[in-house]
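These notes are about the structure you will find just below.
Quick caveat, the model's predicted, so the values are computed rather than measured. Below, chain A is the first sequence line, B the second, and so on; all start at residue 1.
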Amino acid sequence: MKKTMGSKYDPKTFEQAVYQYWMEKKHFSANPNPDKEPFTIVLPPPNITGQLHMGHALDHVIQDVLIRYKRMRGYEALWLPGTDHASIATEVKVLEKIKREEGLSKDMIRREDFLEKAWAWKAEYGDRIVEQMMKLGNSCDWDKERFTMDSGCNDAVTKVFVNLYRKGLIYRGNRLINWCPDCGTTLSEAEVEHEDQQGKFYHVKYPIKDSEEFLTIATTRPETMLGDTAVAVHPEDERYARFVGKTVMLPLVGRELPVIADDYVDRSVGTGALKITPAHDPNDFLIGQRHDLEIIDIFDEKATINEKGGSYEGLDRYACRRQIVEDLQREGFLLEVKNHEHAVGVCYRCHTAIEPRLSDQWFVEMAPLAKPALEALKKGELKIVPDRFDKVYSHWLENIRDWTISRQLWWGHRIPAYYCQDCGEIMVQETPPATCSKCGGTHMLQDEDVLDTWFSSALWPFSTLGWPEDTALLKYFYPTNVLVTGYDIIFFWVIRMVFSGLEQTGELPFEHVLIHGLVRDAEGRKMSKSLGNGVDPLEVIESYGADALRFMLATGNSPGNDLKFQMERVEAARNFANKLWNASRFLLATLEEGEDYSFKTTELELADKWILHRLNETVKEVSRDLDRFELGIAAGKIYEFVWDEYCDWYIEISKIRLYGEDEQRKAVAKGVLLEVLTDILKLLHPFMPFITEEIWGNIPGVDSDLIVAAWPGENQDRVFEEEARSMDRLMKAVRSLRNIRAEMEVSPKVRARLLVEGDAGVRQLLGDEEKILMALAGIKEVVLIQEEPAEEVVTAIIEGARLYMPLDDLVDYGREHNRLEKEFQKLTGEVKRARGRLSNQGFLAKAPEALIQEEEAKLAKYEAMLKEITERLEVVREKIQES
RNA sequence: GGGAGUAUAGCUCAGGUGGGAGAGCGCCUGCUUGACGUGCAGAAGGUCACAGGUUCGAGUCCUGUUACUCCCACCA
């Protein structure tokens with residue numbers, strides 16, 4: 001895939017082609033390989049409801065970085081992709097589409113026709129999502145792509161349902177469940193969100209039968225009084241003790257209700273008297289059971305009043321509320337109306353207020369499943385990163401309620417329960433029964449409902465690998481290693497995968513859970529369709545390239561924290577890619593095909609040893625950070641190394657040799673430049689796979705692919721502590737001289753002489769490396785001197801030396817004085833700090849010896865420099881006096 | 001009612017084991033140096049929210065306060 005690199009970094013010209021190339025070479029495919037360790041990530045399957053948003057991009061980039069890193073480290077790295085049928089969400093979308101295009105609502109179409117359209121939807125959106133993932137650069141093994149409703153996943157779902165049923169952990173029961181009147185289905189506890197709403201507290205008069213007295217009931221939902229079957233007070237409430245056992249008359253309806261006493265009633269809330277509506281409130285339901293109260297269900301599935309509501313029949317719940325209030329008012333039963341803010345449960349999909357509703361549903365008994373899931377975390381077998389989410393996980397499991405899994409929907413896994421129409425027997429099994437096992441009848445009907453979409457998601461880490469079959473994939477790749485997802489989905493998904501994995505496979509489905517935050521817009525708001533503030537990843541890729549988007553998402557934030565999306569940061573990442581592009585272009589242009597650019601340690605110069613040393617350190621740190629899932633820190637270190645050390649220092653220094661005459665030294669410089677660049681490409685590849693592969697392909701003599709190149713290791717041959725320290729000193733000298741030029745406003749065209757007076761070590765260093773000073777600090781000649789020069793000079797003080805620049809008539813002692821004065825202040829501060837510390841008896845007694853010595857050395861250094869500065873300031877002051 | 005997070009430069013955020021406060025963007029000053037102006041060089045800019053505590057030493061650990069954000073929760 002070699003071609004000449006254009007002078008501008010233009011990701012559009014190669015990203016697509018590079019991805020295509022990887023696909024052709026099958027670099028993403030992973031298969032059981034006894035010679036390698038497996039490393040597995042299953043992709044949290046995106047919903048087929050639409051396209052990928054920035055949150056997906058973040059989730060995917062993290063996983064791709066980890067997968068690519070592990071692949072390069074020699075693991076058989078499998079990233080298994082797929083999509084989720086998203087039962088309720090997709091059903092709503094497809095119904096909307098049908099409504100829009102054909103004008104038909106759900107009750108006007110047949111289940112089979114609906115399913116056909118839903119599968120067409122899946123085909124369209126599933127493909128679109130895959131395309132988007134490819135644009136992002138996701139190195140998924142596409143041959144293993146799965147869908148939560150493909151036949152394998154269906155088998156797994158059925159198998160698990162049957163397993164749990166036979167163990168008695170799935171049961172059918174008549175309970176008060178959460179009902180969404182708009183979606184027309186049951187919801188689990190997790191699917192109900194709580195929103196604070198401004199409501200009203202209605203105080204209503206419930207007359208005592210055959211008496212002038214009455215009880216005042218406070219309620220936020222007066223319409224539910226149509227279903228009242230009692231009034232409750234606290235057993236020890238003296239205010240109401242005499243009414244217990246009596247009967248009240250339900251206003252407007254006239255039904256007689258018993259006054260009962262129950263501990264549940266809180267005397268301090270409202271009036272202390274509570275109307276009981278067992279069919280429409282979870283607490284009232286429990287109280288109703290305790291007192292054997294009648295249950296009157298006044299709503300139909302649309303939350304419209306049914307025939308039990310008498311004259312209110314046919315009214316929607318809110319219309320009914322208005323009517324009831326009006327009637328109460330008119331009849332004199334309404335005593336008071338107060339504003340009242342309270343939490344209302346709403347559907348997580350459509351935000352309609354949920355209605356507690358009594359119905360027959362399927363449930364999973366959670367207590368036995370929650371226990372091992374809790375223990376796995378406590379024993380440290382499951383690790384959540386960052387660990388502050390441990391509490392979220394534990395708290396949920398410790399307070400878990402049974403999971404309502406049946407949904408009155410069409411799109412999803414149909415429940416494998418069969419009802420005999422002859423004798424009513426219920427049969428739960430993997431294949432439809434031909435005859436009833438009890439009466440032998442042949443009129444069997446399958447349950448109409450489907451399963452909660454999260455039921456199949458919970459099996460994802462093993463259903464995708466072939467479970468319940470004992471496949472080679474499952475044996476090799478399961479359990480998986482890391483699960484990467486957002487904190488918003490811990491309850492829905494992570495926890496359910498953990499207990500399902502433990503229950504069905506006997507193993508944790510993964511060892512690490514890496515939690516990331518939400519992507520927010522530049523103002524910190526959640527990106528959402530309704531706000532219209534979403535940023536489309538594809539558009540960003542179009543303008544800046546996938547690498548820039550990836551780098552932006554992977555940096556500048558730490559695990560678990562939300563990320564604000566700012567285009568300026570994408571731009572900065574793009575600029576970084578451009579920087580790398582140009583640095584590579586610069587080097588590669590000097591290389592010849594077929595040349596050998598290896599070098600011997602003896603041929604290395606100071607700067608070479610320094611950059612190799614720094615590279616070695618960077619490799620070590622980046623590897624460690626990636627192992628700890630600190631992607632942002634790792635990427636930051638690569639960025640700094642590439643831009644500051646490699647480009648701004650090393651390449652500039654290397655030009656001395658590259659533009660020089662000495663062929664041997666030129667070759668060594670090229671060798672080191674190349675050596676460092678290849679490792680840079682490797683380190684950066686997980687973050688910016690496209691540009692690094694593209695550059696890699698342009699290196700003469702390279703016939704391998706970067707994506708499968710070996711990750712750089714630490715190298716003892718690259719440890720040059722001493723040289724790194726010298727280089728550091730040299731760099732300080734260069735910076736001081738540049739500072740002089742800038743502060744004294746000396747034109748870059750003026751090439752100054754440099755006189756060096758100081759200790760032997762520094763003089764030798766600066767003498768030996770005079771070329772570097774010449775090239776980087778605008779020096780034309782370095783002269784080692786023994787005493788103060790007579791000519792007009794400005795001075796830089798570095799450790800162990802004075803550097804004098806004779807600037808002819810450009811020396812401005814006023815400016816020089818200010819500059820030195822600033823230095824003087826700084827050094828005075830340093831000396832003061834070091835002295836203060838060393839005169840602290842506590843510090844001397846308790847601090848580590850090495851630290852004390854270090855501090856002493858610093859003090860000596862700064863005192864010496866301060867002395868130099870002071871002397872020099874004296875001289876400058878005299879000069880000013882003279883003029 | 002519980003729980004969590006955040007508070008560091010003008011803005012957005014990093015700051016592994018406690019030991020001289022960092023980056024990107026922005027701002028200011030120079031720069032047509034043959035990889036790159038998507039660049040180079042140099043500067044300015046911080047009471048690390050507040051108050052206590054532990055420690056020789058705290059942005060970092062502990063306690064409390066304030067502000068904002070989020071999650072959980074069946075007080076009508």
Side-chain angles (χ1 to χ4, degrees), chain A residues 5 7-9 176 189 193-194 201 217-221 224 232 264-266 268-277 281-286 340 342-343 345 356 388-389 391-392 395-396 399 487-488 490-491 517-518 522 524 544 552 555-558 560-566 568-569 571-590 621 624-625 628 630 632-633 636 639-640 647-648 651-652 655 659 735 738-743 745-749 775-778 829-830 833-834 837 840-848 851 854-855 858:
Chain A
M5 294 174 69
S7 64
K8 270 223 171 338
Y9 163 65
L176 206 59
E189 297 296 335
E193 288 177 1
H194 295 268
F201 228 158
I217 307 288
T219 178
T220 54
R221 300 196 59 195
T224 61
Y264 170 75
V265 181
D266 184 335
S268 64
V269 177
T271 60
L274 180 62
K275 70 190 215 39
I276 304 299
T277 321
D281 182 281
N283 298 310
D284 292 9
F285 180 73
L286 295 174
H340 179 64
H342 61 132
R388 68 173 182 289
F389 290 104
K391 278 198 179 173
V392 177
H395 183 260
W396 171 265
N399 296 283
Y487 58 69
D488 54 332
I490 294 175
F491 308 129
L518 269 34
Y544 295 96
M552 178 270 168
T555 53
N557 106 307
S558 45
N561 288 350
D562 287 353
L563 179 77
K564 262 177 217 165
F565 189 90
Q566 297 182 105
E568 303 81 60
R569 290 193 51 231
E571 209 172 308
R574 189 272 319 267
N575 293 352
F576 176 55
N578 180 62
K579 187 76 183 173
L580 178 71
W581 182 264
N582 280 296
S584 305
R585 210 163 52 87
F586 165 74
L587 169 61
L588 298 184
T590 72
E621 290 174 22
R624 195 191 52 189
D625 293 335
R628 291 182 185 171
E630 289 283 5
I633 294 175
Y639 179 97
E640 204 175 324
C647 291
D648 290 345
I651 289 184
E652 291 309 313
K655 286 175 182 171
Y659 297 147
R735 287 200 187 98
R738 283 171 172 171
N739 176 265
I740 289 178
R741 303 188 74 102
E743 300 270 311
E745 290 185 16
V746 177
S747 160
K749 287 188 188 121
L776 302 196
E830 295 293 356
R833 192 191 56 79
R837 222 180 217 204
N840 180 335
Q841 289 309 312
F843 179 75
L844 293 174
K846 295 190 176 169
L851 192 69
E854 201 181 305
E855 207 59 52
K858 276 183 204 163

Problem - Under 3.5 Å donor-acceptor, A/Arg837 side chain and A/Glu855 backbone - result: no
Practice task
Check every strand shown and say whether A/Pro848 touches a base, only sugar-phosphate, or nothing at a heavy-atom separation below 4.0 Å.
Solution key: base
Problem - Atom C1', compared across B/G22 and B/U60: separation rounded to whole Å - result: 15 Å
Problem - Interatomic distance, A/Glu640 CD vs B/G15 C1' [rounded to whole Å] - result: 12 Å
Practice task
Establish, with yes or no, whether the OP1 or OP2 oxygen of B/A43 is under 4.0 angstrom from a side-chain nitrogen or oxygen of A/Asn739.
Solution key: yes
Exercise for the section: Applying side chain to side chain donor-acceptor pair (under 3.5 Å), name anything that partners A/Asn575, two or more places apart in sequence or on another chain. Expected result: none
Completion exercise
Separation of B/A35 atom P from A/Leu587 atom CG, nearest Å, is 12 Å
Problem - Of the listed nucleotides B/G42, B/C75, B/G15, the one nearest the side chain of A/Arg735 - result: B/G42
Problem - Minimal non-hydrogen separation, A/Met5 against A/Ser584, with atom names - result: CE-CB, 4.2 Å
Practice task
Determine the stems involving RNA chain B; a stem requires 3 or more consecutive pairs of the Watson-Crick or G-U wobble kind, each with both distances below 3.5 Å, and the answer is none if no such run exists.
Solution key: B:1-7 with B:66-72, B:10-13 with B:22-25, B:28-31 with B:39-42, B:49-53 with B:61-65
Practice task
Could you tell me whether A/Asn840 contacts a base, only the sugar-phosphate backbone, or nothing, with contacts defined as non-hydrogen atoms closer than 4.0 Å?
Solution key: sugar-phosphate
Exercise for the section: Pick base, sugar-phosphate or nothing for A/Phe491, based on heavy-atom distances below 4.0 Å to the nucleic acid. Expected result: sugar-phosphate
Handout entry: Spacing of the P atoms in B/G46 and B/C50 (rounded, Å)
Key = 15 Å
Handout entry: Integer angstrom distance from the C1' of B/A14 to that of B/G24
Key = 10 Å
Exercise for the section: Name the nucleic acid region contacted by A/Arg628, choosing base, sugar-phosphate or nothing; use a 4.0 angstrom heavy-atom cut-off, strictly under. Expected result: base
Exercise for the section: Using a 4.0 Å heavy-atom cut-off across all strands, classify A/Arg741 as base, sugar-phosphate, or nothing. Expected result: nothing
Practice task
Find out whether A/Lys275 and A/Asp284 are in side-chain contact, i.e. whether some heavy atom of one side chain is under 4.5 Å from a heavy atom of the other.
Solution key: no
Handout entry: Heavy-atom donor-acceptor pair, A/Arg574 side chain to A/Tyr544 backbone, under 3.5 Å
Key = no
Handout entry: Whole-angstrom distance between B/G52 and B/C70, as gauged at atom C1'
Key = 28 Å
Handout entry: Exam field: side chain A/Asp281 to backbone A/Thr277, donor-acceptor pair closer than 3.5 Å
Key = no
Exercise for the section: Would you please classify the geometry between the A/Tyr639 ring and the A/Phe576 ring as parallel, tilted or perpendicular, with 30° and 60° separating the classes? Expected result: tilted
Close N or O pairs between protein and nucleotides 11-13 of chain B (under 3.5 Å):
| unit_1 | atom_1 | unit_2 | atom_2 | d |
| --- | --- | --- | --- | --- |
| B/U12 | O4' | A/Gln566 | OE1 | 3.3 |
| B/U12 | O2' | A/Gln566 | NE2 | 2.6 |
| B/C13 | OP1 | A/Lys564 | NZ | 3.0 |
| B/C13 | O2' | A/Gly556 | O | 2.7 |

Exercise for the section: Give a yes or no on whether the backbone of A/Thr555 and the side-chain of A/Arg569 come within a donor-acceptor separation of less than 3.5 Å. Expected result: yes
Exercise for the section: Rounded to the nearest angstrom, tell me the gap between atom CG in A/Asn399 and atom C1' in B/A73. Expected result: 9 Å
Practice task
Taking A/Arg738 for its side chain and A/Leu776 for its backbone only, find out whether a donor-acceptor pair lies under 3.5 Å.
Solution key: yes
Problem - Whole angstrom value for the distance that separates P of B/A41 from CD1 of A/Ile740 - result: 18 Å
Practice task
Please list, chain by chain and in numerical order, all residues satisfying side chain to side chain donor-acceptor pair (under 3.5 Å) with A/Asn561, sequence neighbours excluded.
Solution key: A/Arg388, A/Ser558
Practice task
Give A/Lys858 one of three labels, base, sugar-phosphate or nothing, depending on what nucleic acid heavy atoms sit under 4.0 Å from its own.
Solution key: base
Handout entry: A/His194 NE2 to B/G1 P, straight-line distance once rounded to whole Å
Key = 17 Å
Practice task
Figure out the CD1/C1' separation between A/Ile490 and B/C70, and round it to whole Å.
Solution key: 12 Å
Problem - Protein-nucleotide distance (A/Glu568, atom CD; B/G10, atom P), rounded to Å - result: 17 Å
Exercise for the section: Search all heavy atoms of A/Arg833 against all heavy atoms of A/Lys858 and return the closest pair with its distance. Expected result: NH2-CD, 4.2 Å
Exercise for the section: Using heavy atoms to find the nearest nucleotide of RNA chain B for A/Val392 and A/Phe389 separately, return the residue whose nucleotide is more 5′. Expected result: A/Phe389
Practice task
Name all residues meeting the side chain to side chain donor-acceptor pair (under 3.5 Å) criterion together with A/Arg221; count only those two or more places apart in sequence or in a different chain, and write none if there are none.
Solution key: A/Glu223, A/Glu355
Handout entry: Euclidean distance, atom CD of residue A/Glu855 to atom P of B/G19 [Å, nearest integer]
Key = 13 Å
Problem - Nucleotide of B/A35, B/G24, B/C31 approaching A/Tyr659 most closely (side-chain heavy atoms) - result: B/A35
Exercise for the section: Would you mind classifying the nucleic acid contact of A/Arg388 as base, sugar-phosphate or nothing, using non-hydrogen atoms under 4.0 angstrom? Expected result: sugar-phosphate
Handout entry: Closest approach of A/Arg741 to A/Gly778 (non-hydrogen atoms, all atoms of both residues)
Key = NH1-O, 3.0 Å
Problem - B/U66 to B/A21 separation - C1' atoms, rounded to the nearest Å - result: 25 Å
Using a cut-off of under 3.5 Å, enumerate the N/O to N/O pairs linking the protein to nucleotides 36-40 of chain B.
| unit_1 | atom_1 | unit_2 | atom_2 | d |
| --- | --- | --- | --- | --- |
| B/C36 | O4' | A/Asn582 | OD1 | 3.3 |
| B/C36 | O2' | A/Asn578 | ND2 | 3.1 |
| B/C36 | O2 | A/Lys579 | NZ | 2.9 |
| B/C36 | N3 | A/Lys579 | NZ | 2.8 |
| B/U38 | O4' | A/Asn575 | OD1 | 3.1 |
| B/U38 | O2' | A/Asn578 | ND2 | 2.5 |
| B/U38 | O2 | A/Arg574 | NE | 3.0 |
| B/U38 | O2 | A/Asn575 | OD1 | 3.4 |
| B/G39 | OP1 | A/Asn575 | ND2 | 3.2 |
| B/G39 | O3' | A/Lys579 | NZ | 3.0 |
| B/C40 | OP1 | A/Lys579 | NZ | 2.9 |
| B/C40 | OP1 | A/Trp643 | NE1 | 2.4 |
| B/C40 | OP1 | A/Asp648 | OD1 | 3.1 |

Exercise for the section: Report yes if a side-chain nitrogen or oxygen of A/Lys391 is closer than 4.0 Å to either non-bridging phosphate oxygen (OP1 or OP2) of B/A4; otherwise report no. Expected result: yes
Problem - Sidechain N-carboxylate O distance under 4.0 Å for A/Glu652, A/Lys655 - result: yes
Exercise for the section: Considering only atom P, compute the distance from B/U69 to B/C36 and round it to an integer number of Å. Expected result: 49 Å
Completion exercise
The answer to which of A/Ala273 and A/Tyr639 contacts RNA chain B further toward the 5' end, by nearest nucleotide, is A/Tyr639
